[in-house]
Amino acid sequence: MGKPVVAGTRIPVDLILEKLAAGETVEQIIRAHPRLTEEAIRAALAFAAQAIRADVVYPVEEAAL
């Protein structure tokens with residue numbers, strides 16, 4: 001039981017999400033990690049979407065004005 005990884009690799013899903021959030025393109029990620037495919041990156045995004053769809057409510061602090 002550890003971090004979720006892309007099947008067949010040791011590449012954690014959160015690494016892919018962080019790279020996408022930082023503005024890297026799918027092509028750049030695949031170049032940096034040749035074992036990944038576009039399909040694997042889409043699967044990582046789908047996994048993340050499903051994970052946050054859980055019945056857990058996270059409190060959000062209002063930004064100070």
Side-chain angles (χ1 to χ4, degrees):
M1 296 289 288
K3 289 183 175 185
V5 297
V6 175
T9 76
R10 294 176 139 186
I11 301 169
V13 170
D14 67 330
L15 176 70
I16 295 169
L17 299 175
E18 287 174 2
K19 287 178 172 278
L20 289 169
E24 288 191 40
T25 66
V26 170
E27 293 78 18
Q28 289 171 320
I29 296 170
I30 291 171
R31 264 197 308 271
H33 305 279
R35 295 188 68 195
L36 287 178
T37 62
E38 193 172 331
E39 180 182 0
I41 293 172
R42 282 195 306 272
L45 287 170
F47 175 85
Q50 182 179 356
I52 63 171
R53 221 179 280 125
D55 292 331
V56 178
V57 177
Y58 299 96
V60 177
E61 293 182 27
E62 291 186 35
L65 297 177

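All residue numbers in this chain count up from 1 along the given sequence.
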Under the side chain to side chain contact (heavy atoms under 4.5 Å, CB included) test, residues paired with R35 that sit two or more places apart: T9
Which atom of V6 lies closest to which atom of A40, heavy atoms considered: CG1-CB, 3.7 Å
From L36 atom CG to I29 atom CD1, the distance as rounded to the nearest 0.5 Å: 8.0 Å
Pairs satisfying salt bridge (Lys or Arg N to Asp or Glu O under 4.0 Å), at least one member in residues 23-32, at least two apart: K19-E24
Set of residues satisfying salt bridge (Lys or Arg N to Asp or Glu O under 4.0 Å) with respect to E18, sequence neighbours excluded: none
Side-chain heavy atoms of I16 within contact of H33, under 4.5 Å: no
Atom of L17, atom of A48 and distance for their closest heavy-atom approach: CD1-CB, 3.7 Å
Over all atoms of both residues, closest heavy-atom pair of D14 and K3: OD2-NZ, 3.1 Å
For E38, side-chain hydrogen bond (donor to acceptor under 3.5 Å, both in side chains) partners two or more places apart: R42
Min side-chain heavy-atom separation I30-I41 under 4.5 Å: yes
Closest heavy-atom pair and its distance - A44, V13: O-CG1, 3.8 Å
Shared hydrophobic cluster, V26 / F47 (ILVMFWY, side-chain heavy atoms < 4.5 Å): yes
Set of residues satisfying side chain to side chain contact (heavy atoms under 4.5 Å, CB included) with respect to Q50, sequence neighbours excluded: R53
